[in-house]
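Everything numeric here is computed off the predicted structure, so don't read it as measured data.
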Number of protein chains: 2
Amino acid sequence: MSTHQQPVRTPRTPRAAQIAAAARGLLEERGRDELTMRALAERLGIRAPSLYKHFRNKEAVEAALVEDALAEMGAALHAALGEVPAAGRVPALLAAYRRHALAHPGLYRLATTGPLPRAALPGGLEEWAGSPFFLATDEPHLAQALWSYAHGMVLLELDHRYPDGSDLDLTWQAGARAFTASGGRSAPDVP
Amino acid sequence: MSTHQQPVRTPRTPRAAQIAAAARGLLEERGRDELTMRALAERLGIRAPSLYKHFRNKEAVEAALVEDALAEMGAALHAALGEVPAAGRVPALLAAYRRHALAHPGLYRLATTGPLPRAALPGGLEEWAGSPFFLATDEPHLAQALWSYAHGMVLLELDHRYPDGSDLDLTWQAGARAFTASGGRSAPDVP
DNA sequence: TTGCGCAGCTAACAGCGTTAGCCTTACGCT
DNA sequence: AGCGTAAGGCTAACGCTGTTAGCTGCGCAA
């Protein structure tokens, strides 16, 4: 229907999949800079150099996680849009974005900050993961602005940049209101 | 008047100021992960361990740069608001934010991503640097949303996350329109 | 003149990603 | 049955990182 098909995923040997899973666990449990090749190997019961039999280098391990992150984020956003009438798409999209990002903070950061390893990613995955913003706004520039807003909100929330005691639910609502009131060809106001 | 006084700065010995200046140059010219203690020392004609006579550790050097970054960003934003009538504050603020961040990308990233070294920062500096968003919107939650939007835009632009050929001027305009049309107690629409 | 402290130095350590080279195991083919 | 090969582990080591300990020389103050 309105949600295009998810792009093909990069094939992964069974052992590579195990390593990626262990890396993901390490990333979420101990944070980005404790995801080291030696710690990853230890979690798998092997030594660090053995990892290089399965991944070219650390960046390739991270690229595998980025691929997972984009695929899962894309699936969550497309699913959120599927359940909602056109008028309520922006708030639904923002809620799903926030929920998914905060549920996987390490993965979110890895996939969305710093340079994207585009060469190691399946073609079309990035666009597919971002397309819900275009589906929710019907206008490319407003879609990019909405995406930027959601990204900024999540990062500032993860980094504890908002003043203590901020009611972020209300902040997300204020942003949702701003983006539904404006520009979108099909969205009536949601006070 | 409406712009409060800038908070006091942390005192810095002459040598510490030289080191911070060299660190800033290194950060902007060669990027965040080429800002190493050895490279910094070499630029100053000394050896890395000597730096520890002036800064407790690398994090303290970075904290000095974060302080500079917040003070300068705050000054730029307050200045931008001072030149503009109430109605045009949001677009003026966003334009100044973008211009300043893109002019000092390394410093911007250092100061706004990852955990803030709040303990090493002068009290009130962070709030002062962020207060222009409150002055521009007159509503705390919309202010935080606007800030998040600007932050997300800058980061995605710096990280080249937008599709090739995106006209980001138009995206910034779309966001400015969304945030001026909505909520703000004093802002009429700016088509 | 004596003493002190500032600001440099070398040597070294642990941890990082990564490479080279070795060895064992398992499997397919003749 | 035996051989060849490839997969997937291993150790040792390199150059890089931040950081510490301890030494040295210079300048200033009492």
For A:Asp33 and for A:Pro49, locate the closest nucleotide of DNA chain C by heavy-atom distance; then report the residue assigned to the nucleotide nearer the 5' terminus. A:Asp33
Just checking A:Glu127: does its CD atom have more than 12 heavy atoms from other residues, nucleotides or ligands closer to it than 6.0 angstrom? yes
Below the 4.0 Å mark, does D:dT17 have OP1 or OP2 next to a side-chain nitrogen or oxygen of B:Thr36? yes
Please give, in whole Å, the distance from C:dC16 P to A:Arg30 CZ? 11 Å
Quick check against the 3.5 Å criterion: does A:His160 have a side-chain atom that pairs as donor or acceptor with the backbone of B:Leu116? no
Taking only side-chain N and O atoms of B:Ser50, does any of them lie within less than 4.0 angstrom of OP1 or OP2 on C:dC9? yes
Below 30° counts as parallel, above 60° as perpendicular, anything between as tilted: where do the rings of B:Tyr108 and B:Tyr97 land? perpendicular
Atom CE of A:Met37 to atom P of D:dG15: distance rounded to whole Å? 20 Å
Rounded to the nearest angstrom, tell me the gap between atom OH in B:Tyr52 and atom P in D:dT20. 7 Å
At under 4.0 Å, does any side-chain N or O of B:Lys53 touch on OP1 or OP2 of C:dG8? no
Between B:Ile46 (CD1) and C:dT10 (C1'), how many Å, whole number? 14 Å
For C:dG15, take OP1 and OP2 only and decide whether either is under 4.0 Å from a side-chain N or O of A:Arg38. no
If you compare every side-chain N and O of B:His54 against the phosphate oxygens of C:dC6 (OP1, OP2), does one of them come in below 4.0 Å? no
Looking only at side-chain N and O atoms, does B:Arg15 come under 4.0 Å of OP1 or OP2 in C:dG8? yes
Between A:Glu59 (CD) and C:dG17 (P), how many Å, whole number? 13 Å
Rounded to the nearest Å, what distance is computed from the CG atom of residue A:Leu40 to the C1' atom of nucleotide C:dC16? 14 Å
Nearest-angstrom distance from the residue atom CZ of B:Arg56 to C1' of D:dT19: 12 Å
Before giving the answer on ring-ring contact (aromatic ring centres under 6.0 Å, His included), spell out for B:Tyr162 and A:Trp147 the whole-Å C-alpha distance, their side-chain angles and the decisive distance to 0.1 Å. CA-CA 10 Å; B:Tyr162 297 106; A:Trp147 171 36; 5.5 Å; yes
Round to a whole Å and report the spacing from NZ of A:Lys58 to C1' of D:dC16. 14 Å
Can you check ring-ring contact (aromatic ring centres under 6.0 Å, His included) on B:His141 and A:Trp172, steps first, answer last? CA-CA 8 Å; B:His141 296 105; A:Trp172 279 92; over 10 Å; no
